[in-house]
Amino acid sequence: MACSLRKPIAVCSIFRKSYSSIVVVASNAFRLTCNSTCVTHYLGTESSIYNPGGVMFSRQFCSSREPETLSWGVSSDIVLLGKLESSLRNHNLEEAWETYRDFKRLYGFPDPLLVDKLLTELSYSSDSRWLKKACNMVGSILKEKRELIRKELLTKLCLSLGRAQMPVQASSILRLMFVKGILPPIDMLGMIIFHMVKTDIGMILSSNILIEIYGNSQRLTSKKSTCTELNKYDTLLFNLVLDACARFGSSNKGHQIIELMTQVGVAADAHTISIISLIHEMNGMRDELKKFKKHIDRVSASLVSNYQQFYESLLSLHFKFNDIDAASDLVQDIYGFQVLHHEHIDKTQPPKLCIVAIGSDNLRMGLKLQIFPHSLSRESVFYVGRNQVLVMIKNGKLVLSNRALARLIIQYKKSGRTDDLSKLLCSIQKKGSVESSRMCSDVVAACICMGWLETAHDILDDLYSEGSPLNTSLYMSLLTAYCNNNKLREAEALLKQLRKSDVVINASDPLLAPASMCELENGSKNKKELVCVEKGELAYHIVEEMRAEENDASFMMHDLNSSIYFFMKAHMVEDAVRAYRKMQAMKIHPTVSTFMNLLNGYSSLGMYREITILWGDIKRNMESRKNLSTRDLYEFLLLNFLRGGYFHRVMEVIGLMKENGMYLDKWMYRREFLKYHKGLYLRIKVSDATNDEQIQRIEHVRHFRKWVGLD
């Protein structure tokens, strides 16, 4: 029978014959063909269906609203549900989404099963457009009918958003789940964070979410049994966030995560320690990093290579603090590591938990970090450590790079301590390894190339007297260099010394005079060796490091920053300020670490007014030095101005962050505002203000509320 939309009366008579036929037609409406369109068109013209018993047939998902004509010409909720189910079955997202919107506009949310299916289809899509629609859908459901959505479905959506590199949307869903107390399992949370931290914005949001979740874990545990798993150790999750903080240069946020680990009892493994090493190096916290060494020295030889980043960072800090003695001791430890461990490690004893203090060891209320330096997670999905320039791995052993050797040589030479350099080389040479012997030869060759002939001569003599002579080619190179520099007296003395020491010289005449020795340079093997020395990599690095040191006067700055950090941790504010004033008097430019150490101390004591005063100094330094304009610094200032109620400063910092193109986590700032100033000026109008200052404050509060979406 042909379909005709112009004959509703004939269709009506069909429905009046039997109520049962109406039910059958209604329940199978989505299966009707073109003829059924006539039926549904009729249903769209009436608000209810008549039955002989005088009972009105109510819709399964009825609404108090009058039915409306939809974009595709029907109004029956049953038919809409049928079309939604059919489009989902056929994976037609366009049709399913439009049908869902029509149904929700008329009747509210459909059946939970259909909501589940639609969200599942949207979540599996690789199109960001559909994923955004899924986020909006979840937001409306959680606000109106939370029971319609399952935790597993929200977790699946978060994971899809993370994989699609949509960290803002993924964080929004996670935070909605957090508010509702339905967080995903820790392993799935780790997978979501793993994808989020691949971008800088994802790192910012992941670190903030981690602080929100674990910072409130005790409160959640007392209220929701589903959140008790937050008290379990989840080192891998913290490693992911810490590694992202180090990778994107957010060292102060990383330090905040480290302190959070101490507060919630998450233990650190070998990977964590390596990342912490990098963060401490970025913050110039040498004393904090040194506390790990005594524990790392006890690990087995098989784990030594996993601490390459630790030794790299610690050696780098020794150089930055101009502590040549500490650097020398660490170098000896690096080359003697395996021997020491085979002698002292008792493999029959199970590894024990170690404790490292954060801040001063003498502080009673100081933070304590639990570490397992011998533990290495097999589930690691990232490489810890990057840009190693001082400590390398060769044949599974830790060795110094040429750049590290260059810094050692320069600092010993500058301080006139050549004898101490010789002692260090002798100590390393006695280790007997190929790497240690090669390092000593490279140092002597580089000194010859640089023209430091007396230094090279002294090192050769010291090594010989210690019973560790180097190869003959180095003596020949030194002898040739003496001749080239017209130091015939020294050349003759060296030649006599060689003969007396029974060192074999590769020359045709054993009684060769120094002047004649110089003539051997042309066309001889020694000439090739000397050319190699002149082009040596170590000599090149010595030249580069000497140039870098000419423009580097940061030794005192690192010492003062370290003092400020210690004083602020001990709440010795006056001493910290005195160190800061000393830095200013010495015309040493403060760094981001300088200001962050001061701000952390003020913030821990609630000294928000002092922070506003320090903000003046920070702005003056920013005008001449752009490297101070970091996101970590701005964020910390913004949070403290917000807590202290300085909304003029709040809007000022927000403006600066926007100018610099920095991402602002509005959720975090909104949460802080509601925590400290929830009802501020809600019932006060500008006309009620008594002075201009109060008028400006009310306006700034209103601007902030509007910016974070509260108004």
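We count residues from 1, following the sequence as given.
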Polar contact flag, side-chain donor to acceptor under 3.5 angstrom, [X]-[Y]:
X	Y	answer
Asn660	Ser629	no
Thr591	Asn561	yes
Tyr646	Asn640	no
Arg697	Gln694	no

If you look at every heavy atom in [X] and [Y], which pair is closest and at what distance?
X	Y	value
His280	Ile258	CE1-CD1, 4.3 Å
Gly284	Leu317	CA-CD2, 3.9 Å
Leu642	His677	O-NE2, 2.7 Å
Ile611	Ser603	CD1-N, 4.1 Å
Ala134	Leu157	CB-CD1, 3.8 Å
Met261	Leu369	CB-CD1, 4.1 Å

**Prompt:** Nearest 0.5 Å, what's the CG-CG distance between Leu183 and Leu189?
**Reply:**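 Between atom CG of Leu183 and atom CG of Leu189 there are 7.0 Å.
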Value for CE (Met596) from CG (Leu598), rounded to nearest 0.5 Å, stands at 10.5 Å
- Message: Looking at Phe109, I'd like to know if the NZ or CZ of Lys104 sits under 6.0 Å from its six-membered ring centre while staying within 45 degrees of the ring's axis.
- Response: yes
Lys/Arg cation over aromatic Phe641: Arg649, 6.0 Å, 45° cone: no
Electrostatic pair [X]:[Y] at N-O distance under 4.0 angstrom:
X	Y	result
Glu635	Lys253	yes
Asp116	Arg150	yes
Glu623	Arg620	no
Glu699	Lys706	no
Glu652	Lys619	yes
Arg247	Asp243	yes

Do Phe238 and Tyr214 have their ring centres less than 6.0 Å from each other?
yes
Are Phe321 and Phe555 close enough that their ring centres sit under 6.0 Å apart?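 No, the ring of Phe321 stays outside the 6.0 Å limit from the ring of Phe555, centre to centre.
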Within residues 131-142 or reaching into it, pairs that qualify as side chain to side chain donor-acceptor pair (under 3.5 Å) - sequence neighbours excluded: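 Every candidate side chain to side chain donor-acceptor pair (under 3.5 Å) pair involving residues 131-142 fails, so no pair, neighbours aside, qualifies.
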Discussion item. Once you measure the plane-to-plane angle for Phe704 and Phe673, does it fall in the parallel (<30°), tilted (30-60°) or perpendicular (>60°) bin?
Written reply: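 The rings of Phe704 and Phe673 sit tilted, inter-plane angle from 30° to 60°.
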Only pairs under 3.5 Å count here: list side-chain donor-acceptor contacts from residues 158-170, not counting sequence neighbours, and write none if there are none.
from, atom 1, to, atom 2, distance (Å)
Ser160, OG, Ser123, O, 2.8
Ser160, OG, Lys156, O, 3.1
Gln165, NE2, Gly162, O, 3.3
Gln165, NE2, His195, O, 3.2

